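This report concerns only the one structure given below.
All chains are named by letter (A, B, ...) in the order of the sequence lines, taking the proteins before the strands, and each is independently numbered beginning at 1. All figures in this text were calculated on a predicted structure; none of them were measured in a lab. The basis for the numbers below is simple: all heavy atoms, side chains too, and nothing from hydrogens, waters or symmetry mates.
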Amino acid sequence: MTDPGERISAFVEALRKGQRPPRFPVESDDADVLRAAVALAAGRPGHGAPSSRFVSQLHHRLAEASGQAGEASSSRRRFLGRLGLPAVAALLGAAAATGLRAASDHWLPDTDADDQLVPAGQGAWIPVAPFGDLVAGQPRQFTAGPINAFVVRDPQTDDVYAVSAICTHLGCMLNANAAAGRLDCPCHGASFTLAGDPLSPIYPRALPRLRARINGDTVEVYAPTGVAADET
Amino acid sequence: MSIPRVDNAPDERAPTPALAANWESAYRENVDWVYRFVYGRVGNHLDAEDVTAEVFMRSLPRLRLAAPTAQLRAYLAMAARTVLVEHWRNGYDVELNDYSLTDVPQPQAWPDVRSDENARRASGLLARLPEHYRRVLELRFLQGCSLRETAAALRITIGNAKVLQHRALRRAAELGKQDLA
């Protein structure tokens with residue numbers, strides 16, 4: 001569907017159905033057409049107010065962020081501590097399967113890039129791949145129990161690191177885009193660096209990290225206790 | 001009207017009777033109009049929620065400063081404009097820097113001025129179109145008709161309804177260039 005007219009039609013149809021419209025590059029004239037469509041769609045009487053669900057979810061997010069000021073790096077650990085690992089693990093798995101929008105704001109706390117998905121003392125090192133099998137800069141996906149993640153061999157340092165493969169926006173499974181050096185979300189266009197840093201300011205939460213290390217010839221990650229890794 | 005320079009306002013922390021009590025009340029007082037402002041410029045609730053959330057997350061430090069109400073509104077409007085520009089840049093690879101801040105509601109008009117703002121913009125745009133263009137856009141956007149229903153209502157083929165919609169939107173875009181900001 002490369003014809004601009006068809007794309008604009010799809011954009012209009014999505015607006016009419018109350019769906020998120022598709023993204024595609026446009027010229028300035030076509031952008032004016034999209035904006036006219038947006039203004040008309042938004043003019044439908046009685047449709048402009050935020051839902052109470054959204055208002056309270058955003059309040060919740062702001063409260064979390066507000067309480068974390070000055071101690072942001074420990075926020076995730078505290079959150080995980082409150083819930084307990086099995087609960088978090090189950091939620092992460094469920095989200096990977098369904099990408100439920102309503103649930104996401106509650107169980108995905110704000111994260112910092114240097115924060116860890118599995119806190120020290122609550123997991124174990126498990127092997128995920130032979131180091132020699134990893135190609136520098138090409139993410140290798142694996143699951144370890146409820147955790148779905150990418151392990152990456154850093155082309156500069158030859159060290160390894162691991163980040164969650166679940167988009168922090170709405171919980172969709174990310175795709176590795178090795179050619180572009182990115183992790184891309186197929187749902188709404190969010191993308192992240194291989195290290196998990198957000199590339200779009202619209203979806204600003206970094207991917208949670210897992211600790212990873214090279215042990216002899218094996219790459220290991222720090223995963224919840226009692227799980228084994230599978231490459232996917 | 002020039003863009004308010006709220007960042008350099010010298011009386012930022014000066015106590016006035018109109019200070020927001022805390023960030024939560026500042027949020028409650030402003031979330032509705034920010035959302036409606038954003039919704040009028042993205043046209044769907046999923047994007048409106050993402051953009052609005054981003055606006056408030058970025059503005060949280062300002063929300064916590066107990067700024068005078070009018071300054072906070074100007075700040076939020078500027079943040080909304082910034083995130084909207086990014087929304088169009090990231091999603092559509094286009095630079096749109098004309099999201100006007102001139103219609104940030106004045107304190108005395110608050111909060112009624114916002115509630116039908118989007119409907120007013122849409123009807124203002126439709127009113128300037130020729131009848132056949134206005135009709136197809138009313139059916140499609142305001143009444144939410146499918147192309148098939150629109151074609152039936154206008155007694156034309158679906159293909160022609162699609163072409164008519166396209167031409168009508170182009171005309172609306174030309175007419176609306178100024179007031180879509």
Side-chain angles (χ1 to χ4, degrees), chain A residues 5 8-9 11-51 53-55 57-59 61-63 65-66 69 101 105 110 169-170 188-189 199-205, chain B residues 23-24 27-28 31-32 35-36 39-54 56-57 60-61 63-64 83 86-88 90-94 96 115-123 125-126 137 140-142 144-147 162 165-166 169-170 172-174 176-177 180:
Chain A
I8 290 170
S9 291
F11 184 96
V12 168
E13 195 58 16
L15 290 182
R16 186 183 74 83
K17 292 177 175 169
Q19 298 167 346
R20 193 191 300 269
R23 269 53 162 157
F24 47 89
V26 292
E27 298 299 322
S28 173
D29 285 354
D30 284 344
D32 290 333
V33 172
L34 298 188
R35 288 208 293 170
V38 157
L40 292 169
R44 208 167 165 184
H47 279 65
S51 72
R53 171 197 57 78
F54 168 73
V55 170
Q57 276 188 0
L58 180 54
H59 180 265
R61 270 183 73 184
L62 290 165
S66 186
R101 177 184 181 84
D105 277 350
D110 292 334
H169 176 217
L170 295 178
H188 303 115
L199 289 168
S200 158
I202 302 287
Y203 308 112
R205 285 183 289 178
Chain B
W23 73 263
E24 288 181 295
Y27 168 68
R28 296 274 179 206
V31 65
D32 189 79
Y35 186 92
R36 290 174 187 271
Y39 181 72
R41 286 147 187 86
V42 297
N44 73 96
H45 287 293
L46 296 175
D47 285 332
E49 290 185 0
D50 285 347
V51 171
T52 303
E54 183 65 16
F56 278 97
M57 291 301 281
L60 183 59
L63 256 51
R64 297 169 61 164
V83 181
E86 290 171 358
H87 170 82
W88 285 95
N90 294 328
Y92 302 94
D93 199 18
V94 67
L96 300 171
S115 58
D116 61 352
E117 176 70 11
N118 292 329
R120 189 193 61 73
R121 284 169 83 227
S123 59
L125 199 52
L126 288 170
L137 295 184
R140 288 287 279 155
F141 288 96
L142 297 191
C145 293
S146 67
L147 271 175
K162 207 167 175 177
Q165 168 190 290
H166 195 68
L169 273 178
R170 292 233 170 258
E174 288 163 20
K177 232 171 177 175
L180 287 183

Check whether [X] gets within reach of chain A through its side chain, its backbone, both or neither, counting any heavy atom under 4.5 Å.
| X | result |
| --- | --- |
| B/H87 | both |
| B/Y92 | both |
| B/T52 | both |
| B/L142 | both |

Within the 4.5 Å heavy-atom criterion, are [X] and [Y] side-chain neighbours or not?
| X | Y | value |
| --- | --- | --- |
| B/V94 | A/P25 | no |
| A/I8 | B/R170 | yes |
| B/L126 | B/F141 | no |

Return the option, out of [options], with the maximum number of heavy-atom pairs under 4.5 Å with chain B.
| options | value |
| --- | --- |
| A/D29, A/V12, A/L34 | A/V12 |
| A/H47, A/E27, A/E13 | A/H47 |
| A/V26, A/L62, A/V33 | A/L62 |

Item to complete: Classify the ring geometry between B/Y35 and A/F54 as parallel (under 30°), tilted (30 to 60°) or perpendicular (over 60°).
Response: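 The arrangement is tilted - the two ring planes meet at 30° to 60°.
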Discussion item. Under 4.0 Å between a side-chain nitrogen and a carboxylate oxygen: does that hold for A/R53 and B/E49?
Written reply: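 Yes.
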Worksheet item: Closest approach of A/P21 and A/A14, non-hydrogen atoms and distance?
Response: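 Smallest interatomic distance, heavy atoms only, reads CA-CB, 3.6 Å.
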Discussion item. Out of B/A122, B/A48, B/P61, return the one with the most heavy atom pairs under 4.5 angstrom to chain A.
Written reply: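 Most heavy-atom pairs within the cutoff with chain A belong to B/A122.
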